[in-house]
Undergrad: 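Have a look at the structure that comes next, please.
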Amino acid sequence: MEKNNDLLIVENLTTTFNTERGKLKAVDGVSFNVKNGEILGIVGESGCGKSVTSQSIMRLYDEKKFAEFKGKILFKGESLFDIPLPKMRNYRGEKISMIFQDALSALNPVFTIGEQIREPLWIHHRMKKDAAKERAIELLTLVGIPDPSKRIDQYPHELSGGMRQRVMIAIALACSPELLIADEPTTALDVTIQAQIMDLIVELNKKLNMGVILITHDLAVVAETCNRVVVMYLGQIVEEATVTEIFDNPMHPYTKGLLQSIPRISDEKQERLFMIPGTVPLLSNVPHGCRFAERCKYAEEACRQNNQDLESCGGAGHKVRCWKAIKGIN
Amino acid sequence: MKHLLKALSLTFLVSAFLLTGCSKADDTSATAPSTTSTSTSTTQAAATPKVEYKDELHVAVSQEAPSLDLHKNSSAIAREIGRGTIWEQLITLDANSEVVPELAESYDVSDDGLTYTFHLRKGIKFHNGQEMLADDVVASMNRWIVGFSTAKKQVGTARFVKVDDYTVSITLETPSLLFPSLIAGATQPAAIMPASVCADEDSKGFVKEYIGTGPYKFVEWKLNDYIKLERNDDYTPYGDPNKPLDGWSGYKHAYTKTIYLHYVLESTTRVAGLQTGQYDIEFQVDDQAYATIANIPNLKLLKYKSAEVALVFNKKEGLAADVNVRKAIRSLVNAEDMMVAHSGTEMYALSSSYMNEGQAFWVSNVGDKYYNLNDPKLAKEYFDKAGYDYKTPFRILAATINNFDRIALVLQQELESMGVPTTLTLVDWPTLTQFRSDPTKYDVFITSFGNVPIPTLKLYLGATWPGWSADQTLQDDMLAIGTSKTMEEAKAAWDKAQLYCWEDYVPVVALGTQYTGYGLSDKVEGAQLFNGLFYWNTRVKK
Amino acid sequence: MKKEREVIVETTNVKKYFPVAHNQIVKAVDGVSLKLYKGETYGLVGETGCGKSTFGRTLIRLQNPTEGTIKVKGKDISNAPEKELGDLRKQMQMVFQDPFTSLNPRIRIGDMLMEVLKIHGIGNSKSEKMAMAMEIMEKVGLRTEHFYRYPHEFSGGQRQRIGLARALILNPEIIVCDEPVSALDVSIQSQIINLFLDLQDSDDLTYLFIAHDISVVKYISNRIGVMYLGHLVEEATTEDLFSHPLHPYTQALLSAVPEANPHKSDKQRIILKGDLPSPIDPPSGCVFRTRCPYATTLCEDLKPQTLDIGPEEGHRVACHMYAEKHYGTTGAMIEAKGKELAVAK
Amino acid sequence: MLKYLFKRILATIPVLFIVSIVIFSIVYIIPGDPAAVILGENASQEDIQALRTRMGLDEPPIPRYFNWLDNILHGDLGASTANGTPVATMIANQIKPTLNLATFAMLLALIIALPLGMWAAYKKGTWIDQAVTVISLLGISLPSFLLGLFLIMIGAVKLRWFPVSGYVPFSEGIGAHFNALFMPAFALGFIHAALIMRITRATLLEVLNTDYIRMAKSKGVHNFVLVAKHAFKNTLVPVITIIGQSFIIALSGSTVIEAVFGIPGVGSLIVNSVSRRDYQVIQSVVLLTALLNITVNLIVDLLYGVIDPRIRLDR
Amino acid sequence: MNNMKQRTLTEADLRRMVEIRNRLTKEQRSLQLHKFLRNRQAMVGLVIFLIVLFAAIFGPSLCKESPVALNVLNRLKPPSKEHWFGTDTLGRDVYTRVIYGARISMIVGVSVGAISGILGLIIGIYSSYNKYADEILMRICDGLKAIPSILLAITLMTALGADIKNVIISLTVVNTPTMGRLARSAALVVKEQTYIEAMRGIGAKSRRILWRHIAPNIMSPLLVQMTFVFATSIITEAALSFLGAGVPAPQPSWGSILSEGRTVIFTSQWMIIFPGAITAMTVLGLNLFGDGLRDLLDPLSS
C-alpha cells in the first residue's frame, strides 16, 4: 500500500494519566493506521485502552495536569501532537469527528438538537443560522430521521435511543470529516436498532469515503462491518489483521479465547463455552512480561519474563504479540 | 452565546452602576461630619447670627413605645416623645420639681384642700385647629384618671367638671396636698387632647388620633422605623422667650422644623450613626456606649439621674416572705458591684434614698446605715435566724433588658459564695411582667423605678403591686404622706416610712441611682434635660 | 420436549400495569401465559421496554400482578399475602442484572449470606450458618477467604457469583435470571454462563433466563419466548425458533443479530421501521402492526390469539398470518374470536 | 403548565394550614401578657384584665385559632396592638425592605459567586481553587452580625462611604437606595455567596466530566464557550436550587441584618412583635412569610422547567 | 433435595475466620484512614475540630478561674498575663469563658446535629416507605421549612424560655425538616437499588430492610449534613444570642460572649476578636471536615 493512502498513522502511542494513586499507563505503545475509506475496528474488553486511544487522537484529555502523551499521531502526514491546541480545535469536528456510546449523555440535554448540529457548522464554517439550519435538516435526512424540520427544535430527551444516536452521527458528519471515530456507538441500543445504526455507518462510510475507527467490545459487530481489526488487551495491541484473517485464523491466545467464548447464533450448541480464566488485571498492577500470560493456558516461564513486541506474522498485514504464535508453536 | 454576552454585560453594567451610585451618594453624606466647630454654648451661638441650622433633627431610639396614648401607658419612651412636645398639661414641673402652670393660666385650692380649680389659657389651639375649651380638658383629665390607676386610687370617684368654658374644677373626697404634683409629673402624663379624640377609642381602648396642643404635631408613626414630628406653627408659647427652659416649663421656640425619632435596635449601630452624623442625638445610651462616646471628640454626653435600681422581694410566698431573709440579703449585697455591673463605672450613684436629687425635696438618707453593708457574716446571722436550711434555692427573677440580668448574676454570685443555692430565671420584659405577678415564681426580682414627683407613686410600696408590700404600718405611713397638711409634715412621714422600710420591713433593697445618658453631636444646641431629654428648643448647626 | 415433564410454574394471562401521572397506565406486561417445566431453561428475549424484566419480577412476586394467575407447583401464589410467601421465596430466587447495585455496599458478603439464612431460620448456630455460607461460596467459585470482604472489593464477574450464591443458598428450584451476564465483559460472560449450566446440572434447577442478547439466550435455553410490548408473541423450542421463526417480529429480531462470522455478511436483514410504541398507549389490535411489514387492517382491528402452530408441537405464535392455517379460514377465526368475546362477557 | 400551577397552589393549602397551627401553638404558649406590656408599670390588675378581655385573650385557644383563621380567610389579618396599624399595611410596608435587601444580597452573592465558583472549578487543584474554597468556607463560618458590625466600623465609620443604618426607599432615589442597602446586602449575601460558590464549583466539576462536554470538545468548541455555554446552563439547575434556598434563608436571615442595620423589614417586625407580644402580627406575618417562601420555591421549580427542558412540569 | 453436604466448621476454622476478619477489618480501616489522611482539607478541619473538642472536654480543668466568677471592678481589662483574652463587662476572664463556651457551643452543636440527624433518619426512612406517613411527615416538614428558620427559633425560644435545652430544641426543630427531606430523598434512591429488591426477593421483612439495609446506606449524606448542621448551629446560636434568645447568662456560649462583646466593639475589641476568631475557626474546621467526610464515606470511591 502506498503511504499517502494512510489517513491516520498512530505510532507508538502511550497515554499516561496522573491519578491520585500515581501514574497509570492506560495506553502503552499502540501503533496502527487507518486508510482512506476503510473501517478499522478496535476490539477489547473494558479497560483495555480502546477508548483512551480514540480520545488521545482527539487530544480530549487535559494535557496540563491529567494526561501525558507520547509517540506520534500523523493525520494526513501532520503530527497532531505537535500542533498548538487552537489548531487542534479546528481539526476536531471538522476533519476528525467522534461519536460516543451513550447518546443520551453525549448530547447536551439543555440545547435543542438543531442548536447542537449547527454548532460545528458555525465554529468551522461560520455558517449563518438559516444556512446552517438548512444543512442540519439535510444532515438529519441523511442519517434517516423522519420529519427533520420538526425534530430540529426538539430536545435530546424527546427522541428515542436510536434517533439520538442518529442525531449524534449527524453532528459528527456536519462538516464532512475525513475520519470518524465511533466509540461503542451501539452498545446501549437494542439489536434491531443496532442493526439500523451499523448499516447507517457502513453506508455513510461508502458514500462519503471517510475513514472510520469503530471501537467496540462486540466481535460480531466487527465481523459485519470492519475491514481490519485491532485487538487490544490491557493497553496494548495484541493482534492486528483483516477481519477475515482474525476470524479465520486468530493467532493470539487472547483473540482465540475471545472468539471461542462467545456463543454464536448460527453455530450448533456446544456443551460448554470456552472460558478465559481469571479477570483482567488492574492497570495499576500490570504483570511483568506478557500481559496475558496469567490467563493464558499456553503460557510458559518465558512469557512471564519478556513481553513480545507486535510483529508481522503470516500475510496481509497480520501482526501478533505472541512469540509462540510467531514461531508457529500451538 | 448571545444571551450569555447580554447577561454578562448586564451584570457588569449593574455592578458599575452600583459603584458609581455609591460613590455619588457618598459625596453628600461625607460632607456632613466636619470638625470645624468646637463651641457648644448657646450664648455664643446666639452672638453669631450667621450660624445656619438644619431643618431636621434625627434622634436614634433603642425601643419603640407600646403605644403613644399617654393616658393609658407609662413607658418612658412614649412619655419623652409626647409630653410637652405633642401634648401639654394643665400644670407641669419646673427644674425644682415645683408645680407650675402650663395650659392653665393658674389654679387654686379651696381652703379645705378638697377643691382644685384650674383657669385655662385662652386661645390655645389644638393641632386640628380647634380651640381648647373646658370640655376638652374635662374629657382629657377624666380619661386620664380612669387610665392611670394611681390617680384613680387617689381621687376615688371624684372627677373634673366644667365650670365655664375656661374653667374646670375637681372636688376630692379627702384633701391631697400632692394632687397637683401628681397631675404635673405623672408617669402617665395628663395630656390634654380634644374631647372628640378622647371619645374616639379603638377596640382596645386607645385613642385613634394623636392630637395635642404642643409645639410639635404628630405626623407619622411608621412602625419599626420612625416617628415623625413636625413643628406646629400655630403653637402658642408661654413664658419668657429670652429665658431658658425651666424644667418642663418655659418658652418653647420649636426651632427645628421636623424631628425624626428613628428606631434602631442595635446599640453599636446607634453609636456609629451618632459618630458619622447620621443621628444628632442618641437616646438612652447604655453603659458601654457611654465610654465610647466619651472618647469621641465631636460628641458630648448628657446624663441625669433617672431611676432607682432595686431588688424587690416577694413578700407573699417563698423564702423572702420571711423578713429575716430579706434582712439577710439587705446585709449581704454589695451595691457598688451591682451598680457597676448594671450601669458601668460612670452611670450610677450610690444612694440609699428611694427618691433622688431630681426630686431633691424628698431625698432622705435615713437608711444609710443599712445600705451597702456587704457583710456576709451578718447575712448569715439573719439567714440562721430565719431558720434557713441552705438547701432551698433562692429564686432570682430578672429581665434581660436594661442589664438587670447582670445584677442578678452578681446577686447570684454573692449568695452562692455564702452557701445559698440559687435559681436564676432570666426572661424578656413581657414575660417578666407576667412572672412577677405570680407569687409562686420568684423570691426576688430586679427592676428600676423611674423618677416620680411624690413618694406615694413609688410602685413597690403598693400593697397590690408585685412584691406585695401589704404591711399595715407601711401602708399607714404612706397614707400619712398623702394626707399631710404641709410639705414638712409629708416629708417627715416619708422619712419615717423609708426608715421603717430599711430597718424593719425591707420590702426592697435599693441599690443606687442609675443615670440615663444621651449622646449628642456637638452641633446640637438647646436640648433640655429634665427627667428625660426634650427637643423643644433644640437645633442642629449645619 | 416430552409432554410428561412436570410443570413447575404456570402463568395464565399475567398482566402488570403501572399507574403513571395524569391517570395514565403503563401496560408493562399485558397478558402473558407460559409454562416452565422442571429442569429446563426458558429464555425470554425482547428489546428494552418489552416487559420481560417486569414479568420476571412479577413471577417471583416482587410486584403483585395486576391480573392473572401464577401457579408454582400447582399452588396459586398470585394473590397470596406477603406472609405466606416464605416458602415461595425459598423455592424461587432471582439473580439480577447489575452486579454493582445488587449488593448492599455496606455489608460483608459472608454476613449477607448468613443473613439470608437467618431470615428463613435455617441453620441452628452461627457456625452452622457460616459453614453453609462458605459452602455456597465455594460452589459458585469464590474462595472462603472472601467471606469478610465488601462487595466493592470484587470485580463484576465475582459479584455476579455472589449474587448467584445469595440466590442459591436457600436451595431454590427455580431461578429467575434477569439479564445476568449483559453487564459483563465477554471473557467473564462465558465463565458465568458456564457456571449457570453447571449449577443447573448439579442442582436440577429451573431457569427463567431473561436477556436481550439472543446468542446467549440461544446458547443457554431449551425453550425461548419472544416478547414485544408486554405480549408474548412467539414461543418455541430453541431449535424450532431459530430454524422456523414465525412471527414477523421474531424474524426481524433474529436477522438483526450480528454474527461473528465475516463470511456471512451477505445475509438478508430485515430492518424494522421506526421505534417501539409507547406502552402507555399501545397500538390497537396487534401491538406489532405499526412496524410489521405484513400488517393488514385485520391486524388493526383484532388482537391476534396465541395459537399453538408451527412445524413442531409447542410452537406458539400470536399472529394473524397463521390463523388461517390454524382455523382453516380467516372467517372461522373471527368467528372463534367472537365466541371467545361472548364467553368473556 | 397551568394545571401544574393549579396543583402546586392547591398543595400549598395543607402546608399553610400546618404553618398556621404550628405558629399559633407556639404563640399561644409564649409567656407574657400583651395587655400588661401595653398598659405599663402603673396599670392595675383590673385594667389589665379589662384590656385582656377586650383583646380576646381570655378565650380558649381553639375558638381563638378558628377566629383568627376565619378572619384571615376573610382577608382580615388583624391590627397591631401598638398603634393600631393593620397588619396588612405593616406587611406591605415592611416586606419591601426585606425583599429588596434579600434580592440585592442575592444579586451581590451571584455576582461574586458564579464567576469565582466557575473559575475555581476550571482551575481545579490550583491555588486559585484553594483560595476560593477557603474564602467560601470562611463566609459560612462568620456570624453575620459580626460581619455587619465590621462593615459598619469600616464602611461607615472609618471610610464614611455608606450610611450606618436605615432604609431609603426606592422612591427617594435609586442611588441612595442602593447606597443604604449595600452594606446590609453584602453582610447578608456573603454567606450565600459562599454557598453558591461551593455548589457552582462542585456542579461544574461534575458537568465538565460528562460525555456531552467531551462531545462538545470533539466538535471543536473553544474552552471558554465550553464552560460559559455548554457547562453553564447545565450547572444552573442545582445552582438555582441553592439560590432559591438561599433566597429563603436570606429572607429569614435578614432578621439579624435588619437588627444590625436598623432596617424596618419583616424580620425586625417579628422581633419587635415578639417583644411586644403582638400576637396578631406574629401569626399573620409568619403565615405570610411562609406563603412567600412557598412562592419562591414555586418560582424556582418553574425556573427549572425553563432551564432544563428535561424537567417537564406537567408530568 | 439437593446434594449439598452439611459441612461443619472446626474450632480451627473458626479461629482462622476470626483472624481473617480482623486482618481484613484492619486493612479496610487503614485504607480508609490512608484515604482520609491524604485529604489535606479534611485533615486540617479534623485537627481544628479536635483541638476545640479537647478544649471543650479538658479545658475547664485547665482553667484556674470560673467562667462565671464576677469581678465587677476589674471589668473590661485588656489582655494581660492574668487574663490572656482580657476581661468582659462583668470582669470575667474572657479566656476562661471562651474555653467553657467551647463546651456549651459543642454541646449545642453536637446535640442539634445528632438529634436532628436521628429524627431526620426516622422521618426519611418511614416516609420513603409508607405513602401515608410520607404525606403527613412531608407536609409537616414543608410547613416547618416554610417558616423562616430564625423567626421560628426566636418565637420558640420566647415560648419555651431561655435555656440551653430550649436552644437545642429550637435549633433541632429548625433543622430536622431539612434532614428529613435529605434522608427521604436518599432513602428513595437506595430503595430503588437492586439489593433492596434482592432482600425482598429473599423474604426479608420491612423492618429489616428499612433499618439494616436502607438506613446504613443513607447515613453518609446524613452524617455529612450533620457536621454542617453542627457548624451552622454554632452560628445560629450566636445569631439567637444576638437577638437576645440564645443560651442565657451566666453560661458562656460563644454566641453569648460575642453578643455581649459587640456592645463594646469600639473600645474593647478583645471581647470580639478572640471568641470571634475561635468561632470562625471551629466552624471552618467543621465544614472542612464535613467535606472530607463526604469523600471518605462514599463506599464506591475506594
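So you know, we letter chains A, B, ... as the sequences are listed, proteins then strands, and number each from 1.
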Undergrad: Once salt bridge (charged side-chain N to carboxylate O under 4.0 Å, His left out) is applied, what residue pairs with a partner in residues 229-238 of chain C remain, sequence neighbours excluded?
TA: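 For residues 229-238 of chain C, and leaving out neighbouring residues, the salt bridge (charged side-chain N to carboxylate O under 4.0 Å, His left out) pairs sorted by first residue read C/R223-C/E235, C/E235-C/R316.
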Undergrad: Can you list the residues of residues 278-286 of chain A that sit under 4.5 Å from chain C, counting heavy atoms only?
TA: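 Heavy-atom contacts from residues 278-286 of chain A to chain C are A/G278, A/T279.
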Undergrad: So which part of C/I188 gets closer than 4.5 Å to some heavy atom of chain A, the side chain, the backbone, both or neither?
TA: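 For C/I188, heavy atoms of backbone and side chain both lie under 4.5 Å from chain A.
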Undergrad: Can you name the side-chain hydrogen bond (donor to acceptor under 3.5 Å, both in side chains) partners of C/D185, sequence neighbours left out?
TA: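 With sequence neighbours excluded, C/D185 shows a side-chain hydrogen bond (donor to acceptor under 3.5 Å, both in side chains) to A/S46, given in chain and number order.
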Undergrad: Any side-chain heavy-atom pair from A/V191 and C/I214 closer than 4.5 angstrom?
TA: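 Touching, per the 4.5 Å side-chain cut-off.
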Undergrad: Please classify the contact between C/S155 and chain A as side chain, backbone, both or neither, with a heavy-atom cut-off of under 4.5 Å.
TA: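 Contact with chain A is through the side chain of C/S155 alone.
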Undergrad: When rounded to the nearest 0.5 angstrom, what is the spacing between CD1 in C/I192 and CG in A/L273?
TA: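 Atom-to-atom, C/I192:CD1 and A/L273:CG are 12.0 Å apart.
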Undergrad: Give a yes or no on whether the backbone of C/E259 and the side-chain of A/E224 come within a donor-acceptor separation of less than 3.5 Å.
TA: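 Answer holds: yes.
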Undergrad: Hey, does C/P258 have a side-chain heavy atom less than 4.5 Å from the side chain of A/M198?
TA: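 Side-chain contact under 4.5 Å: no.
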Undergrad: Looking at C/V186 and A/E45, what are the two nearest heavy atoms and their distance?
TA: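 Minimum heavy-atom contact is N-OE2, 3.6 Å.
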Undergrad: Quick check: closest heavy atoms across A/R272 and C/D201, and the distance to 0.1 Å?
TA: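 Minimum heavy-atom separation between A/R272 and C/D201: NH2-OD2, 2.9 Å.
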Undergrad: Is it the backbone or the side chain of A/P277 that comes under 4.5 Å from a heavy atom of chain C, or both, or neither?
TA: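 Contact with chain C is through the backbone of A/P277 alone.
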Undergrad: In Å and rounded to the nearest 0.5 Å, what is the CD to CD1 distance from C/Q189 to A/I276?
TA: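 The distance works out to 11.5 Å.
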Undergrad: Check each of C/L276, C/L253, C/I270 against A/T192 using the side chain to side chain contact (heavy atoms under 4.5 Å, CB included) test, and report the only one that passes.
TA: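 Answer to the side chain to side chain contact (heavy atoms under 4.5 Å, CB included) test with A/T192 among C/L276, C/L253, C/I270: C/L253.
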Undergrad: Count the heavy-atom pairs under 4.5 Å between each of A/M163, A/Q194, A/Q196 and chain C, then report the option with the highest count.
TA: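 Heavy-atom pair counts peak at A/Q196.
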Undergrad: Hey, which of A/G257, A/A220, A/P146 has the most heavy atom pairs under 4.5 Å with chain C?
TA: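 Most heavy-atom pairs within the cutoff with chain C belong to A/A220.
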Undergrad: Starting at CG of A/L189, measure out to OG1 of C/T48 and round the result to the nearest 0.5 Å.
TA: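 Answer for the CG-OG1 pair, A/L189 versus C/T48, is 8.5 Å.
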Undergrad: Find the one option among A/D248, A/L219, A/I246 whose heavy-atom pairs under 4.5 Å with chain C are most numerous.
TA: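 It is A/D248.
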Undergrad: Where on A/I193 is there a heavy atom nearer than 4.5 Å to chain C: the side chain, the backbone, both, or neither?
TA: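 Both parts, backbone and side chain.
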Undergrad: To the nearest 0.5 Å, tell me how far A/I262 CD1 sits from C/S190 OG.
TA: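 If I round to the nearest 0.5 Å, the distance is 10.0 Å.
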Undergrad: By number, which residues in residues 226-233 of chain A have some heavy atom less than 4.5 Å away from chain C?
TA: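 Listed by number: none.
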Undergrad: Who wins among A/T244, A/V243, A/D218 for the most heavy-atom pairs under 4.5 Å with chain C?
TA: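 Highest number of pairs under 4.5 Å: A/T244.
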Undergrad: Let me confirm one number: the SG-CG distance from C/C50 to A/D190, rounded to the nearest 0.5 Å.
TA: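 It comes to 8.5 Å.
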Undergrad: Is it the backbone or the side chain of C/D198 that comes under 4.5 Å from a heavy atom of chain A, or both, or neither?
TA: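 Both backbone and side chain.
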